Amino acid sequence: MGDTGARLAEPATARKVFAELAPTRTASDPAEQSTAYQAIANAFNQHPGQEFRVRDLHELLGMPTDAPSLNVTRSRLGRLTRQGFLTRPGRGHYQKTDLTTSEG
């Protein structure tokens, strides 16, 4: 995970990593799937110390707040957490991983 964290330290590198992590598009997948990951990453990069709930993140990004949309984002945030980009400081809360403490 240390290598992943180091790769995500820079926003430009993070975009490349997210492009690698985003599922491959098929004819049935909407093109906005990879841009959703980018929008999420950008929000966390712009507010690195802030905790977000899924609904708050949707409101910040102007995304729909219906239950199915929120559940898709929860899945995406779970994936970003497993990849080491995010942490879960509390139930239902997500925050960008603090690379200064995770490397030490």
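Computed from a predicted model, the values in this text were never measured in an experiment.
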Once you round to the nearest 0.5 Å, how far does OG1 of Thr81 lie from CZ of Arg79?
12.0 Å
Roughly how far, to the nearest 0.5 Å, is CZ of Arg76 from OH of Tyr94?
13.0 Å
Quick check: closest heavy atoms across His93 and Arg91, and the distance to 0.1 Å?
CD2-O, 3.0 Å
Does Gln95 use its side chain to pair, donor to acceptor, with the backbone of Arg88 at less than 3.5 Å?
no
Steps toward side-chain contact (heavy atoms from CB on, under 4.5 Å) verdict (Thr35, Gln38)
CA-CA 5 Å; Thr35 58; Gln38 291 170 347; 3.9 Å; yes
According to a 4.5 Å side-chain heavy-atom criterion applied to Ile, Leu, Val, Met, Phe, Trp and Tyr, with indirect links allowed, do Leu86 and Leu61 form part of one hydrophobic cluster?
yes
Between the side chains of Ser69 and His58, does any donor sit under 3.5 Å from an acceptor?
no
Using the rule side chain to side chain contact (heavy atoms under 4.5 Å, CB included), only one of Leu77, Thr97, Leu80 pairs with Phe44; which is it?
Leu77
Once side-chain contact (heavy atoms from CB on, under 4.5 Å) is applied, do any residues pair with Arg55, and if so which ones, sequence neighbours excluded?
Arg53, Glu59, Thr65, Leu70
Non-hydrogen atoms of Thr87 and Lys96 that approach each other most closely
OG1-O, 4.4 Å
Distance, nearest 0.5 Å, that separates CG of Asn45 from CD1 of Ile40:
12.0 Å
Phe52 backbone acceptor or donor facing Asp56 side chain under 3.5 Å
no
With sequence neighbours left out, what residues match Pro68 under side-chain contact (heavy atoms from CB on, under 4.5 Å)?
Asp66
